[in-house]
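Just below is one structure, and these are the notes that go with it.
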Amino acid sequence: MRTLPPDDPTLTLFSILREDGTADPQQDAFLPRETLLAMYAQMLRIRRIDERMLGKQRQGKVGFYGTITGQEATPVATGLSLSPEDWVFPALREAAVMLVRGFPLSTWLAQVYGNEADILKGRQMPSHQSGRAVNQVAWSSCIGPQIPQAVGAAMAAKARGDRSVSVGFMGDGATSQPDFHAAMTMAGIHRPPVVLICQNNHWSISVPTEKQTASATLAVKAHAYGLRGVRVDGNDVLAVHHVVKEAVDRARDGGGPTFIESLTYRMGPHSSSDDPTRYRSQEEVETWAKRDPIARLERYLRTAEILDDATLEGLEAGIRAELDAALAEVEELGPPARATVFEDVFAALPPHLQRQQAQFLAMPPAQLAHH
Amino acid sequence: MTQKNMVQAINEALRLEMQRDGRVVVLGEDVGKVGGVFRVTQGLWDEFGDDRVIDTPLNEAGIIGTAIGMAAYGMRPVPEIQFADFIYPAFDQIVSEAAKYRYRSGGEYTCPMVIRTPYGGGIKGGAYHSQSPEALFIHTAGLKVVCPSNPYDAKGLLAAAIQDDDPVLFFEPKRVYRAVKMDVPDEAYTLPLGEAKVVRPGEDVTVVAWGAMLYEALSAAETVEAQGISCEVVDLRTLWPLDLESIVRSVEKTGRIVVVHEAPKACGFGAEILQLVTEQSFLHFQAPPARVTGWDTPFPYTLENEYLPLAHRIVPQLIATANY
């Protein structure tokens with residue numbers, strides 16, 4: 001059996017920012033000021049959106065919400081590494097990639113309310129956003145099926161000679177699914193332009209990663225499939241950006257797929273329906289709080305004199321104004337039209353659905369459930 | 001016009017669609033160099049190469065999962081599941097993903113693909129090369145289900161399915177593959193999905209069947225004709241969306257209906273057909289609607305002809321229904 005060298009990139013943890021916010025001078029790419037500020041602003045924006053929306057859930061204004069608190073670095077770094085023609089097959093905690101790629105916040109929020117401005121016509125639970133405008137596909141709550149789909153889209157792009165890259169996301173729990181094995185197998189054989197990113201946030205609801213696998217790391221699984229694998233500090237936005245951008249550029253240039261394990265931590269509950277105090281310690285949460293991706297980048301930016309109190313206040317005010325305006329636009333809207341229940345099952349309404357729709361529309365409307 | 005069997009007709013439909021539309025790709029286990037275990041894709045790899053005729057690893061969820069990604073991206077994949085019995089590892093990809101892509105995205109994404117799969121018994125295939133799981137997919141909103149009974153229909157329906165904008169399950173009666181030859185035009189043509197066909201006109205009993213069991217229904221109809229019972233046999237061709245109108249038209253003439261299918265009886269598609277007809281034509285009934293189906297057991301190997309609803313089991317039902 002071949003033994004991997006201790007510096008194998010699937011066993012080590014690539015990072016640039018230290019926990020105290022200083023950068024490893026050997027690794028720091030000294031990105032342009034605007035890029036660094038964009039990373040910070042987008043992470044802060046997502047944190048504030050999540051805080052506000054979790055509050056709305058607690059007030060009973062929305063039925064469910066899944067925050068990504070503590071995990072903002074990976075979706076932001078990925079969003080900033082992609083071109084408009086690239087495709088994203090998300091899991092639960094990557095809806096924010098859409099916002100980073102310019103999707104309108106009000107439309108994104110309308111999905112949380114499932115109202116008449118929701119382009120998904122109120123068909124999915126909150127936090128299941130998708131949008132053709134940014135090539136981010138709709139996904140199911142079944143864990144893992146999007147991974148081989150990302151590989152398939154990349155195979156299609158390759159067959160058609162397009163330059164687009166497809167990114168497939170998953171959590172650590174999804175690496176136990178047969179679909180993960182299917183996707184990694186297919187990606188290894190066909191070498192399409194795909195980047196598979198696992199956000200290992202240590203918890204699949206209440207089950208820790210060590211109960212998902214006895215593998216030393218998740219990234220090391222790449223070797224068995226003949227894929228390039230990298231393990232990166234997922235709370236270090238500079239490192240994630242470096243690794244994802246390199247993988248995306250490589251895939252676009254025909255260099256084949258990469259499997260990335262982004263090591264991070266789910267600071268909040270799995271969703272608004274979960275109580276993590278039942279299964280994990282406060283000490284563990286506090287240890288990870290010290291590695292917060294936003295605080296780490298903030299220290300770096302302040303040291304580099306890219307961010308000061310005035311800039312930060314400006315960012316906060318801008319985010320608040322954007323969020324207020326977007327919520328004002330969508331919060332009070334009504335539900336989707338009743339007739340939409342029968343739309344989009346097929347391209348055209350077949351006879352049996354025509355009969356059912358007529359029957360349905362002849363009946364008085366049902367009482368809609370309140371959150 | 002040449003005499004062709006169903007394998008040749010389907011092969012021709014695939015070739016013509018691939019020539020017509022560069023987005024059409026074929027993928028599955030053994031579909032490439034060897035041309036599939038039933039040779040349905042024979043010669044396609046030679047003509048279209050590795051990029052469009054893809055020998056996949058042995059992973060049905062992977063075949064359908066990647067096909068969904070291709071379809072969402074803009075291709076027209078035609079994945080093959082080697083036997084319908086092997087479709088279950090891909091069940092989640094089909095029912096949770098392909099069937100719901102359009103709906104859950106508010107119509108922004110679609111999943112146009114055709115899953116071809118040989119189904120049914122009568123080839124000494126035992127429990128895992130003989131099943132008829134069509135009802136599972138009919139029960140899933142968002143899928144179309146097609147099941148041709150002859151080479152001519154197979155060619156035209158497959159071409160139409162490939163051109164359709166929604167996911168289609170295309171069940172191929174493997175017992176018929178090489179057993180039936182008929183004139184099939186060499187050029188491309190389509191037959192509309194969702195249209196049943198009266199293949200034998202009659203007055204006393206409507207018999208609804210599809211795929212391989214159509215021949216058993218026809219044979220039983222022939223037998224009872226000698227006893228003065230005239231059967232109208234309807235070949236569904238597309239199972240879903242169902243051409244209920246054609247069945248109702250026939251039942252309102254005959255007043256009697258018998259559905260024949262290979263799948264087990266409980267929650268089989270026959271139950272749905274009979275209930276839908278009952279809702280529309282109850283006052284026309286002169287006999288209770290009836291079914292002749294596979295038993296509610298797993299599929300046996302040695303005794304497969306005891307399991308299948310062959311003509312000798314259909315005949316007594318037709319007589320009983322006619323004389324009720």
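Note: hydrogens, waters and symmetry copies are ignored here, and every other heavy atom, side chains too, is used. Residue numbers start from 1 in every chain, and the chains themselves are labelled A, B, ... in the order their sequence lines are given, proteins ahead of strands. Here the structure is a predicted model, which is why all the values come from computation and not from measurement.
Ranked by non-hydrogen atom pairs under 4.5 Å with chain A, the options B:Pro241, B:Gly62, B:Ser96, B:Ser105 are led by B:Ser105. Of the residues considered (B:Ile63, B:Asp92, B:Asp165, B:Asp50), B:Asp92 shows the highest number of contacts with chain A, using heavy-atom pairs under 4.5 Å. Put simply, of B:Ile68, B:Leu276, B:Asp51, the one with the most heavy-atom pairs under 4.5 Å next to chain A is B:Ile68. The choice from A:Asp179, A:Thr185, A:Val137 that makes the most heavy-atom pairs within less than 4.5 Å of chain B is A:Val137. By number of non-hydrogen pairs under 4.5 angstrom with chain A, the leading residue of B:Glu108, B:Met75, B:Arg104, B:Glu245 is B:Arg104.
Counted by atom type alone, A:Thr175 and A:Gln212 present zero donor-acceptor pairs between their side chains at under 3.5 Å. A donor-acceptor contact closer than 3.5 angstrom links the side chains of B:Gln131 and B:Asp85. For B:Glu60 and B:Gln82, the side-chain atoms include no donor-acceptor pair closer than 3.5 Å. No side-chain donor-acceptor contact under 3.5 Å links B:Glu232 and B:Thr206. There is a side-chain donor-acceptor pair under 3.5 Å between A:Gln199 and A:Glu94. Counting only N and O atoms by type, the side chains of A:Thr258 and A:Arg228 include a donor and acceptor under 3.5 Å apart.
Scanning residues 159-167 of chain A against chain B with a 4.5 Å heavy-atom cutoff picks out A:Ala159, A:Arg160, A:Asp162, A:Ser164, ordered by number. Interface residues of residues 133-148 of chain B toward chain A, defined by a heavy-atom distance below 4.5 Å and sorted by number: B:Ala141, B:Gly142, B:Leu143, B:Lys144. At a heavy-atom cut-off of under 4.5 Å, chain B is reached by A:Lys121, A:Arg123, A:Gln124, A:Ser130, A:Gly131, A:Arg132, A:Asn135 from residues 121-135 of chain A, listed in order of number.
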>> Assess the residue pair B:Ile64 and B:Ile87 against the criterion (side-chain contact (heavy atoms from CB on, under 4.5 Å)); give the C-alpha distance rounded to whole Å, side-chain angles, the decisive distance to 0.1 Å, and a yes or no.
In response: CA-CA 9 Å; B:Ile64 303 302; B:Ile87 208 164; 5.9 Å; no
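Residue contact with chain B, scored on non-hydrogen atoms closer than 4.5 Å, involves the side chain of A:Ile189 exclusively. Heavy atoms of A:Thr340 lying under 4.5 Å from chain B belong exclusively to its backbone. Looking at A:Gln136, only its backbone comes within 4.5 Å of chain B, counting heavy atoms on both sides. With a 4.5 Å cut-off on non-hydrogen atoms, A:Val194 does not touch chain B at all.
Side chain of A:Asp253 to main chain of A:Gly255: no donor-acceptor pair is present (N/O by atom type, distance under 3.5 Å, no hydrogens or angles). No donor-acceptor distance shorter than 3.5 angstrom exists from the side chain of A:Arg250 to the backbone of A:Pro257, with no hydrogens or angles considered. B:Thr110 places no side-chain N or O within donor-acceptor distance of the main-chain N or O of B:Pro112, the cut-off being under 3.5 Å.
Ionic pairing of B:Arg76 and B:Asp21 is not present here: no N-O contact between side-chain nitrogen and carboxylate oxygen is shorter than 4.0 angstrom. The existence of a salt bridge linking B:Lys197 and B:Asp235 is excluded, since no basic side-chain nitrogen approaches an acidic carboxylate oxygen closer than 4.0 Å.
The two atoms that bring B:Glu29 and B:Pro57 nearest to each other are CG-O, 3.9 Å, heavy atoms only. Between B:Ala98 and B:Met113, the shortest heavy-atom distance links the atoms CB-CE, 3.8 Å. Nearest heavy atoms, A:Thr107 versus A:Ala117: CG2-O, 4.1 Å.
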Can you list, pair by pair, the side-chain donor-acceptor contacts under 3.5 Å of residues 149-157 of chain A, counting residues two or more places apart and other chains?
{"residue": "A:Gln149", "atom": "OE1", "partner": "B:Tyr101", "partner atom": "OH", "Å": "2.7"}
{"residue": "A:Gln149", "atom": "NE2", "partner": "A:Pro145", "partner atom": "O", "Å": "3.4"}
{"residue": "A:Gln149", "atom": "NE2", "partner": "B:Gln93", "partner atom": "OE1", "Å": "3.0"}
{"residue": "A:Gln149", "atom": "NE2", "partner": "B:Glu97", "partner atom": "OE1", "Å": "2.9"}

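By the 30° and 60° cut-offs, the orientation of the rings of A:Trp87 relative to A:Phe89 is parallel.
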